[in-house]
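Please read the structure below before turning to the comments.
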Amino acid sequence: MSLYDIIFYLFALLVLVSAFITVTSKNIVHSAFSLMFTLFGVAGIYVLLGADFLGVVQLLVYVGGILILMIFGVMMTNEITNVDIKTGTTQVVPAIIGVGLFAGALTSMMLRTGWNSQPSENMDTTTYAIGKLLLTEYVLIFELLGMLLLVALIGAASVARKEKE
Amino acid sequence: MLTEFGKIFIFILLAVVFVPLIVYVAKFIRPARPTKEKLKIYECGENPEGSPWIKFNIRFYVIALIFLIFDVEVVLLFPWALTYQDFGFYGFMVGIIFLLILGLGMAYEWRKGDLEWERPKPIPPILDDEPPAENEELKEESLTI
């Protein structure tokens, strides 16, 4: 087991344990906080897979942005400590069917994909290649992304704005 | 071979290990004489009152929402900033148009007053003639944790 493997299993363990706490914790603040470690671990795995730009995006947008939004959303609720989150087991049979179908689809996808088993320890950085594609092939998409962000910005602000009397 | 991300990983590892280690080592040196006052939650010298988990102002949420959009914008600008020089004026204009579109959103937010911070109206204190009650004397009794 190389150092690369050890680091991978470290991040995988971090993701699994914190995701488990996120799902099972009865305290919504603890859930949101442990979600941070899940997202961070996923970013680490992205980096280990050679997708360095995606890893940094995961850190900046998910850990730095969306999670803050979630914690603010939690803090906006009136009674944080008294929220009764149900973490018990209900609807066992439908859940088993749903999870089984999803797991089956994932497993078949895992088995059918021709995995690239090249060692990814000395990968080139991807940011430059992404930038080149954004300015040649996907230049329209790049500008459309700007439009999409503009729509999201205006929409979000008008929904969240307090109505003036 | 240590990649740049390897160095970042070492930093993270050091940061994670350092804090518990320092707290643990300090345990051997520091004197431990807790009193009731010392064990209280530190709240800028005031006596803590009520739960710290209060309902936040909605303005924080709106600001965080706006921040998230511009966060994504900055992330998308990183690959552009690396490559636009290879494409000359065309590459420069692509980024400028992208920025102008989002600048429009910024101007909209500004004009609509979403960036303003609503200040609560100050309530003038009402003075009553009764003298304030005597403060409780601080008790310095030793506690065990």
Side-chain angles (χ1 to χ4, degrees), chain A residues 3 7 10-11 29 40 44 47-48 52-53 55-57 60-61 64-66 68-81 121-123 125-136 139 142-154 156-162 164, chain B residues 1-6 8-9 12-13 51-87 90-95 97-106 108-109 112-115 118:
Chain A
L3 187 67
I7 294 172
L10 209 71
F11 276 119
V29 178
F40 176 78
V47 170
L48 284 177
D52 54 350
F53 184 69
V56 172
V57 168
L60 271 176
V61 176
I66 287 178
I68 302 279
L69 215 58
M70 271 183 186
I71 289 176
F72 275 152
V74 166
M75 284 179 162
M76 224 78 73
T77 52
N78 266 320
E79 294 169 355
I80 304 163
T81 39
E121 284 169 41
N122 292 315
M123 281 241 175
T125 52
T126 53
T127 317
Y128 187 80
I130 289 171
K132 217 158 197 176
L133 279 175
L134 275 183
L135 284 177
T136 53
V139 65
F142 185 55
E143 303 300 352
L144 280 177
L145 273 173
M147 290 299 280
L148 185 72
L149 284 176
L150 179 68
V151 170
L153 184 64
I154 292 173
S158 16
V159 169
R161 189 183 301 135
K162 217 193 249 171
K164 292 226 168 78
Chain B
M1 234 314 270
L2 199 58
T3 58
E4 293 298 311
F5 278 105
I8 294 172
F9 181 72
I12 293 170
L13 218 59
S51 169
W53 290 2
I54 50 161
K55 197 183 163 202
F56 264 60
N57 194 335
I58 189 92
R59 308 300 305 169
F60 286 110
Y61 193 75
V62 179
I63 295 290
L65 217 55
I66 295 168
F67 160 74
L68 188 65
I69 303 281
F70 288 107
D71 203 25
V72 176
E73 179 204 352
V74 167
V75 159
L76 284 170
L77 278 180
F78 273 117
W80 169 76
L82 271 179
T83 44
Y84 79 95
Q85 279 176 324
D86 301 353
F87 294 87
Y90 158 75
F92 182 68
M93 280 319 286
V94 168
I97 292 169
F98 181 75
L99 280 174
L100 275 179
I101 291 171
L102 276 150
L104 210 65
M106 183 78 183
Y108 171 83
E109 301 281 312
K112 278 282 185 179
D114 284 322
L115 301 176
E118 278 171 32

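Since the structure is predicted, the reported quantities are computational estimates derived from the model, not experimental observations. Labels below follow one simple rule: chain letters A, B, ... track the order of the sequence lines, proteins then strands, and each chain is numbered from 1. Only this structure's heavy atoms are used, side chains among them; waters, hydrogens and symmetry mates stay out.
Here the two rings, on B/F60 and A/F72, have centers that are under 6.0 Å apart.
In this structure, the side chains of B/F5 and A/L48 stay at 4.5 Å or more apart for every pair of heavy atoms. Using a 4.5 Å heavy-atom cutoff, the side chains of B/I12 and A/F40 are in contact. The closest side-chain heavy-atom distance from B/F9 to A/L10 is below 4.5 Å.
Per-residue counts of heavy-atom pairs under 4.5 Å with chain B were compared for A/L69, A/I130, A/I68, A/L133; the largest is that of A/L69. Of the listed residues B/L104, B/I8, B/I69, B/V62, the one with more heavy-atom pairs under 4.5 angstrom with chain A than any other is B/I69. In terms of heavy-atom pairs under 4.5 angstrom with chain A, the leader among B/V75, B/L100, B/D86 is B/V75. Of the listed residues B/F78, B/Y84, B/F70, B/Y61, the one with more heavy-atom pairs under 4.5 angstrom with chain A than any other is B/Y61.
Contacts between B/E73 and chain A at a heavy-atom distance below 4.5 Å involve backbone atoms as well as side-chain atoms. The contact between A/L145 and chain B is made by backbone and side chain atoms together, counting heavy-atom distances below 4.5 Å. At a 4.5 Å heavy-atom cutoff, A/V151 makes no contact with chain B through either its backbone or its side chain. Residue contact with chain B, scored on non-hydrogen atoms closer than 4.5 Å, involves the backbone and the side chain of A/I66 alike. At a 4.5 Å heavy-atom cutoff, the contact between A/V139 and chain B is made by side-chain atoms alone.
Heavy atoms only, all atoms of each residue included: A/L153 and B/M106 are closest at CD2-N, 4.1 Å. Heavy atoms only, all atoms of each residue included: B/F87 and A/T136 are closest at CE2-CG2, 3.3 Å. The minimum heavy-atom distance between A/F142 and B/G95, with the atom names listed, is CE2-CA, 4.5 Å.
Screening B/L102, B/L68, B/I101 against A/L149 for a side-chain contact (heavy atoms from CB on, under 4.5 Å) leaves a single residue, B/L102.
Residue B/I97 holds its CD1 atom at 11.5 Å from CE of A/M147, rounded to the nearest 0.5 Å. Atom CG of residue A/L134 and atom CH2 of residue B/W80 lie 11.5 Å apart, to the nearest 0.5 angstrom. Rounded to the nearest 0.5 Å, atoms OG1 (A/T127) and CG (B/L82) are 6.0 Å apart.
B/Y108 places no side-chain N or O within 3.5 Å of a backbone atom of A/L150 that could act as its donor or acceptor partner.
Partners of A/D52 by side-chain hydrogen bond (donor to acceptor under 3.5 Å, both in side chains), not counting sequence neighbours, listed by chain and number: A/T126.
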